[in-house]
Each structure stands twice: as C-alpha cells, then as structure tokens.
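Report on the structure given below.
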Amino acid sequence: MVTELSAKPAFSLSSTAQSGAANYPGLDDWRDLPVSQQPSWQDKDVFTASVGELSVLPPLVFAGEVDVLRERLAAAAEGKAFLLQGGDCAETFEAATADKISARVKTILQMAVVLTYGAAMPVIKMGRMAGQFAKPRSSNDETRDGVTLPAYRGDIVNGYEFTPESRGHDAARMLKAYHTSASTLNLIRAFTQGGFADLRSVHQWNKGFTENPAHARYESLARDIDRAIKFMASCGADFEALKRVEFFASHEALLLDYERALTRIDSRTGFPYDTSAHFLWIGERTRELDHAHVDFLSRVRNPIGVKLGPSTTGDDALRLIDKLDPEREPGRLTFITRMGAGNIREKLPAIVEKVTASGAKVLWVTDPMHGNTVTSPNGYKTRNFDDVIDEVRGFFEVHQALGTVPGGLHVEMTGDDVAECLGGADPVDQEAFLDKYESVCDPRLNHMQSLEMAFLVAGALAKH
C-alpha cells in the first residue's frame with residue numbers, strides 16, 4: 001500500500017460520479033495529468049462513499065468571504081495591509097480541542113496587534129487552521145527497527161501510530177477532516193466575533209509577555225501601544241467595533257480528491273470556488289507547471305499561494321503567473337518564498353525583479369521556517385530561531401533595496417508551551433525537546449517565540 005511520489009492515485013472518481021460536486025468545464029482535467037504526493041486508498045468502496053458524501057455536504061467557507069479576502073490581499077500587494085498567516089505544521093484530529101484552538105487564535109491575535117502598530121496599517125489574520133491535515137513527504141515509506149510501513153501523510157490520510165492498521169490510507173478520514181474543520185471554524189468564528197478578540201484584551205495578553213525579563217527590550221513598543229489604546233479611548237473610539245475581527249482559514253491544497261469534492265459553483269457568479277478554505281496554496285514539491293495541482297487550482301476562484309524555494313527562477317515565477325493569474329487580478333496570487341537564511345539575499349532579488357518588470361502585481365510573503373530546518377545533536381528535527389529571524393530580515397532587505405512591497409509573514413507556530421525550535425530571548429535548548437516536543441511533523445515556534453517574532457517584524461515594518 002505504497003504510492004509513488006509522481007504516480008496518479010490508485011483510483012479516483014470521474015466528474016460524472018460526483019453528483020453533488022461542482023460541474024464546470026476543466027475542473028477534472030487534472031485527473032489526466034501527472035500528480036504527486038497522493039495516497040493509495042486501500043478500499044475503493046470507502047473512497048467512493050466518502051467522496052460522494054463530501055460532494056454534497058455544506059461548504060466550510062463561503063464565496064463571499066473568499067471575495068473579501070481577495071480584496072484584502074490586493075491591498076497588501078499594494079503596501080496598504082500586511083498578511084499574518086500562522087498555525088500548525090500539520091493539524092491533528094486529537095488536538096482540535098477548544099483550549100488548543102483558542103490558544104492558537106489568541107497567539108495570532110496578539111501577534112497581529114503588535115504588527116498593526118508597527119506597520120501602521122491593517123493586518124490580515126489568517127490561520128493555517130481548519131484544514132491543514134495533509135502533508136507532503138520526501139519518502140513514501142518509513143522504516144523503524146527493520147519494519148517498513150507507509151509514511152505518515154497527515155491525519156486526513158492515515159494515523160501517526162506506527163502500525164499497519166494506523167498507516168493504511170483510509171479515505172473515511174477525509175470525512176473526519178471535514179467535520180473537524182467545521183467544528184474548528186465554528187469555534188474560530190465564535191472567538192473572533194463574540195468579544196474574545198477585543199483589542200483591549202489582546203493588548204493585556206501582550207503585557208504578560210513583556211513582563212518576562214527575557215523580553216524587556218520589547219517593553220518600549222508595548223508601552224507605545226498602551227498609550228495609543230488609551231488615546232483612542234479618551235477620544236471616544238468605538239471599541240464595540242474593535243471587539244470583532246476578520247479571520248480567514250487556509251491550508252495547502254495537497255489532497256486533490258478532497259479539494260475537488262468540496263468545490264462548489266457560486267450561485268451569484270456561476271464560478272467554481274474551493275470551499276474547503278478561503279486561501280489555498282501549492283507547495284514547493286507540487287508546483288510543477290504541467291502537473292495536477294497547478295492545473296486544478298488555476299480553475300477555482302480562491303486566492304492562491306505558491307511556495308517558492310531556492311531553486312526557483314524568475315522564468316518559473318512568470319510561468320506560474322501566466323497559468324494561475326492570466327488576468328493579472330489583484331489579490332489572486334501570492335508568492336510565499338522559503339529560501340533559507342543563507343539563500344534569501346542571493347536568490348530572491350532576481351525573482352522579484354523579473355516579476356516586477358513583467359508588470360504582474362503579486363503579494364510577496366516570507367515563510368522563514370521551511371528553508372531553515374536542521375537536525376539537533378540529540379536527533380530532533382528543529383529550527384534555530386536566529387536563522388528564522390535572519391531570513392525575515394533578509395526578506396525585508398531585498399524588498400527595501402528593490403522598492404517592492406514585503407507583504408506578509410507565513411509561520412508554523414502554536415499557542416502552546418512546546419519546545420521544538422531552538423533559541424529565542426527566553427531560549428529553548430535541545431534538552432527541552434525530551435519533554436516538550438509535540439509536533440507530528442515539522443517544528444513550530446512556541447507561544448513566546450511567536451510573540452518575539454511579531455515584535456521583531458514590527459520593528460522591520462516600522463523602518464520600511
């Protein structure tokens with residue numbers, strides 16, 4: 001039960017079999033193209049039933065919300081807003097609890113307040129949440145103590161436990177992913193619309209961060225924010241309106257059977273929207289121009305992101321623009337650069353220059369996490385906080401030099417007190433991994449490291 005990384009799925013439904021899914025010209029052309037990182041579902045009947053049910057379930061997000069996000073991202077591409085996108089490397093069903101979801105949302109809101117003040121512009125808040133259940137893998141298999149089983153591909157495909165039963169590719173998990181995403185979105189909407197996100201409360205949370213002696217250097221900015229809030233209050237600002245915030249959901253559109261089944265035709269416009277999330281991105285491993293992922297996402301109306309690693313050329317970027325954003329629509333296309341701290345200043349300028357010269361208006365976002373993954377001496381997959389911050393600095397330096405817009409930050413983070421990335425002002429060392437390493441895939445910034453990054457990026461935005 002192993003899938004080749006570049007093979008087509010063992011089986012999939014034709015568009016005619018998906019009676020409730022969107023019927024639109026070209027939506028199933030991807031099925032005839034090379035496709036990578038897909039499961040080999042073990043039971044065809046379970047697969048057929050699961051995709052059939054997904055195709056008639058209510059949308060997780062709505063086309064009008066997607067259109068609002070596109071407008072917000074267009075403003076960010078113009079330098080009139082800033083995107084903050086954060087959340088788990090790989091969500092798990094087990095971790096979809098109220099406490100863990102609220103901690104992640106709380107951390108993103110805290111970061112956003114600091115960034116808003118530093119940037120003096122609106123911050124678009126987006127979670128890698130309510131759908132980030134599929135993960136690409138560099139190998140189809142994993143071997144432990146002489147036993148080889150399929151690699152863990154995220155809870156939407158198989159389980160993390162290293163047993164044949166857990167590691168089988170079970171299509172019924174797609175339904176579990178849908179319902180877990182729905183409950184997560186319900187909770188996020190309650191938090192962000194019901195007073196939890198009140199600007200004054202969020203600022204009070206940040207005070208706890210700066211009271212830690214390790215973070216004393218950020219106290220000045222926190223005091224400035226405090227004075228600004230007090231000034232707003234004394235001027236009679238409408239804090240009732242500031243109790244609610246927009247919050248958007250995003251994930252990598254990796255599992256195409258799931259994304260296709262949740263595509264719906266918008267009754268207002270007649271266009272197809274992938275209603276699994278507001279924003280979807282294509283990973284570094286699946287961005288081949290003539291392959292299935294790029295083709296499918298070129299046909300839906302959602303804003304689309306593409307991860308660009310250090311092997312990307314300016315011509316690669318232009319071809320992706322022609323395929324994914326042929327009309328050059330503001331807010332449609334985001335390039336998420338993941339070069340690594342040692343490459344960002346060397347590799348990024350040529351790409352930005354070529355795209356800018358073409359006249360295309362994409363949103364440039366930095367992912368400082370994925371290019372800086374290392375293995376700690378005691379054997380854990382980790383990242384050094386200093387490397388992560390250096391890539392962010394390099395991203396801003398490149399755009400500053402070229403006169404272009406550094407429009408966003410994309411990070412793997414959690415609201416929990418984990419130990420997965422080394423360093424920070426209140427440093428995490430490798431010994432802490434033994435008790436506090438929880439990620440099932442890539443290492444995340446913990447709560448305090450996430451806030452420290454926000455204060456550092458706020459400084460860079462203020463200078464820019």
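Computed from a predicted model, the values in this text were never measured in an experiment. In what follows, residues are counted from 1 in the order of the sequence shown.
Residues Phe385 and Leu422 are not in side-chain contact: their nearest non-hydrogen atoms beyond the backbone lie 4.5 Å or more apart. By the 4.5 Å heavy-atom criterion applied to side chains, Asn372 and Asn384 are not counted as neighbours. Side-chain atoms of Leu27 and Arg299, non-hydrogen and from C-beta on, do get closer than 4.5 Å to each other. Between Met121 and Thr116, the closest side-chain pair of non-hydrogen atoms is not below 4.5 Å. Side chains of Ile336 and Val306 form no contact here, defined as non-hydrogen atoms less than 4.5 Å apart. Counting heavy atoms from C-beta outward, Phe335 and Val352 have side chains that stay 4.5 Å or more apart. For the pair Leu262 and Leu60, the minimum side-chain heavy-atom distance is below 4.5 Å. Under the 4.5 Å side-chain criterion, counting only non-hydrogen atoms from C-beta, Tyr178 is in contact with Leu54.
Between Trp281 and Phe279, the two ring planes are tilted [angle within 30° to 60°]. Between Tyr380 and Tyr437, the angle of the ring planes lies from 30° to 60°, which puts this pair in the tilted group. Taking the six-membered ring where the residue is Trp, His169 and Trp41 present perpendicular rings, their angle passing 60° and hence far from 30°.
A donor-acceptor contact shorter than 3.5 Å is absent between the side chain of Glu438 and the backbone of Val418. Judged by distance alone, with hydrogens and angles left aside, the side-chain atoms of Asn343 form a donor-acceptor pair with the main-chain N or O of Met339 at under 3.5 Å.
Within a 6.0 Å radius of CD in Glu142, other residues, nucleotides and ligands contribute more than 12 heavy atoms.
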Walk me through it: do Lys354 and Leu318 pass the test side-chain contact (heavy atoms from CB on, under 4.5 Å)? CA-CA 8 Å; Lys354 196 141 196 176; Leu318 292 183; 3.7 Å; yes
Take Asp295 and Lys323, measure what salt bridge (charged side-chain N to carboxylate O under 4.0 Å, His left out) needs, and give me the verdict at the end. CA-CA 8 Å; Asp295 185 86; Lys323 178 69 175 179; 3.4 Å; yes
For Phe133 and Phe93, what are the C-alpha separation, side-chain angles and deciding distance, and is it a ring-ring contact (aromatic ring centres under 6.0 Å, His included)? CA-CA 8 Å; Phe133 292 113; Phe93 299 153; 5.2 Å; yes
Apply side-chain hydrogen bond (donor to acceptor under 3.5 Å, both in side chains) to the pair Ser276 and Asp274, showing each step before the final yes or no. CA-CA 6 Å; Ser276 70; Asp274 185 340; 3.0 Å; yes
How far apart are the C-alpha atoms of Asp290 and Leu33, what are their side-chain angles, what is the distance that settles it, and do they pass the side-chain contact (heavy atoms from CB on, under 4.5 Å) test? CA-CA 7 Å; Asp290 56 352; Leu33 299 174; 5.8 Å; no
Would you please test Asp45 and Thr48 for side-chain hydrogen bond (donor to acceptor under 3.5 Å, both in side chains) and show each step? CA-CA 5 Å; Asp45 292 338; Thr48 302; 5.4 Å; no
Quick one, Ser50 with Arg173, criterion side-chain hydrogen bond (donor to acceptor under 3.5 Å, both in side chains). Give me CA distance, side-chain angles, the key distance, then yes/no. CA-CA 8 Å; Ser50 298; Arg173 283 177 167 268; over 6 Å; no
Take Arg260 and Asp28, measure what salt bridge (charged side-chain N to carboxylate O under 4.0 Å, His left out) needs, and give me the verdict at the end. CA-CA 8 Å; Arg260 175 63 181 92; Asp28 287 289; 2.9 Å; yes
For a side-chain hydrogen bond (donor to acceptor under 3.5 Å, both in side chains) check, start with the C-alpha distance between Thr143 and Thr148, then their side-chain angles and the critical distance, and finish with the verdict. CA-CA 4 Å; Thr143 301; Thr148 299; 2.7 Å; yes
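A salt bridge is absent between Glu91 and Arg128: the closest approach of a Lys/Arg side-chain nitrogen to an acidic carboxylate oxygen does not fall below 4.0 angstrom. Under the 4.0 Å criterion applied to side-chain N and carboxylate O atoms, Arg319 and Asp322 are not assigned as salt-bridge partners. Taking a cutoff of 4.0 Å between a charged side-chain nitrogen and a carboxylate oxygen, Arg444 and Asp88 qualify as a salt bridge. Looking at Glu246 and Arg72, a side-chain N of the basic residue comes within less than 4.0 Å of a carboxylate O on the acidic one, giving a salt bridge. Between Arg345 and Asp390 there is a salt bridge, since a side-chain N of the basic residue sits under 4.0 Å from a carboxylate O of the acidic one.
Using modelled atom types, one finds a donor on one side chain and an acceptor on the other under 3.5 Å when comparing Gln85 with Ser250. Thr373 and Arg383 share a donor-acceptor pair across their side chains, judged by distance under 3.5 Å alone. Side-chain contact, Asp416 with Thr414: a donor N or O sits under 3.5 Å from an acceptor N or O. Residues Asp266 and Thr269 have side chains that bring a donor and an acceptor to within less than 3.5 angstrom of each other. In summary, the side chains of Arg153 and Asn140 do present a donor paired with an acceptor at a separation below 3.5 Å, with no hydrogens or angles considered.
Each of Arg301, Arg268, His278 was compared with Asp67 under the side-chain hydrogen bond (donor to acceptor under 3.5 Å, both in side chains) criterion, and only Arg268 meets it. Only one option out of Glu391, Glu284, Glu412, His410 pairs with His370 in a side-chain hydrogen bond (donor to acceptor under 3.5 Å, both in side chains); it is Glu412. Results of the side chain to side chain contact (heavy atoms under 4.5 Å, CB included) test with Lys361 over Arg328, Glu78, Glu329 single out Glu78 as the only residue that passes.
With values rounded to the nearest 0.5 angstrom, Gln132 atom CD is found 6.5 Å from Glu252 atom CD.
Closest approach of Thr404 to Thr356, counting heavy atoms only: CG2-OG1, 3.6 Å.
Not a single side-chain hydrogen bond (donor to acceptor under 3.5 Å, both in side chains) links Arg332 to another residue, sequence neighbours left out.
Sorted by first and then second residue, the side-chain hydrogen bond (donor to acceptor under 3.5 Å, both in side chains) pairs involving residues 184-193 (not counting sequence neighbours) are Glu65-Arg189.
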